[in-house]
Amino acid sequence: MNLGDIFKQARDLQERLGETQEMLKDISATGESGGGLVKVTLNGRFEALRVEIEPGLEDDRVVLEDLIAAAMNDAVRRVEAAQKEKMTDLAERLGLPPGMNLPGGLSR
C-alpha cells in the first residue's frame with residue numbers, strides 16, 4: 001500500500017465519520033421512570049425534546065423531581081447505547097479490527 005492509498009483511506013474514513021456524526025444527531029431515545037409516570041425524550045446531542053408527566057404527579061414536587069431526574073438518566077443511557085451501536089456498525093463496515101478506538105471515545 002502506498003502513501004496515496006493511505007491518504008485516500010484516511011479521507012474516506014473521515015467522510016464516513018462525519019456522515020455518522022450527522023446521523024447520530026437524528027437519534028432520539030425516551031427514558032422512563034416510575035413505571036412510565038415520567039418520560040423524557042432526548043436527541044443525539046442529549047438535548048431534551050419532550051417531557052411527559054402523568055397527571056396528578058404535580059402535587060408531589062419531591063417525587064416528581066426524583067422521577068424527572070431518573071427519566072433523564074435513563075434517556076441518556078439509551079442515547080449512549082444507540083450511539084455506540086451506530087459507531088460499532090460503522091467500524092464493522094470499515095473493516096476495523098475489534099478494540100480499535102474511534103473518535104469520540106468509542107471503540108469497536
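Along the sequence shown, the residues carry numbers beginning at 1. Note that the coordinates shown come from a computational prediction; the quantities given were computed from them, not determined experimentally.
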>> Same cluster or not: Val79 versus Leu49, using hydrophobic residues (I, L, V, M, F, W, Y) connected whenever any side-chain heavy atoms lie under 4.5 Å apart?
In response: no
> Could you state the interatomic distance from CD (Gln14) to CZ (Phe7), rounded to the nearest 0.5 Å?
Replying inline: 12.0 Å
> Is a salt bridge present between Lys84 and Glu80, judged by a nitrogen-to-oxygen distance below 4.0 Å?
Replying inline: no
>> Quick check on the hydrophobic clustering: are Phe46 and Met23 connected, directly or via other members, by side-chain heavy-atom contacts under 4.5 Å?
In response: no
> Measuring from Leu57:CG to Leu67:CG, what's the distance to the nearest 0.5 Å?
Replying inline: 6.5 Å
> If you count the non-hydrogen atoms of other residues, nucleotides and ligands that lie under 6.0 Å from NZ in Lys25, is the total more than 12?
Replying inline: yes
>> How long is the straight-line distance from NZ of Lys39 back to CD1 of Ile53, given to the nearest 0.5 Å?
In response: 12.5 Å
> If only atom types and distance count, is the side chain of Asp74 paired as donor or acceptor with the main-chain N or O of Ala70 below 3.5 Å?
Replying inline: no
> Can we say Glu19 and Arg16 salt-bridge, meaning some charged N sits less than 4.0 Å from an Asp/Glu carboxylate O?
Replying inline: no
>> Given Asp66, which partner from the list Leu64, Val62, Val63 fulfils the side chain to side chain contact (heavy atoms under 4.5 Å, CB included) test?
In response: Val62
> After noting the C-alpha distance and the side-chain angles of Ile68 and Glu65, does the key distance pass the side-chain contact (heavy atoms from CB on, under 4.5 Å) rule?
Replying inline: CA-CA 5 Å; Ile68 291 171; Glu65 289 171 349; 5.9 Å; no
> Who are the side-chain contact (heavy atoms from CB on, under 4.5 Å) partners of Ala75, not counting sequence neighbours?
Replying inline: Leu42
>> Hydrophobic clusters here meaning ILVMFWY residues chained together by side-chain heavy-atom distances under 4.5 Å, can you tell me if Met87 and Leu13 are in one?
In response: yes
>> Could you work out, with side-chain contact (heavy atoms from CB on, under 4.5 Å) as the rule, every residue matching Asp89, not counting sequence neighbours?
In response: Glu85, Glu92, Arg93
>> Suppose the criterion is side-chain hydrogen bond (donor to acceptor under 3.5 Å, both in side chains): which pairs have a residue in residues 40-52, not counting sequence neighbours?
In response: Thr30-Thr41, Asn43-Glu47
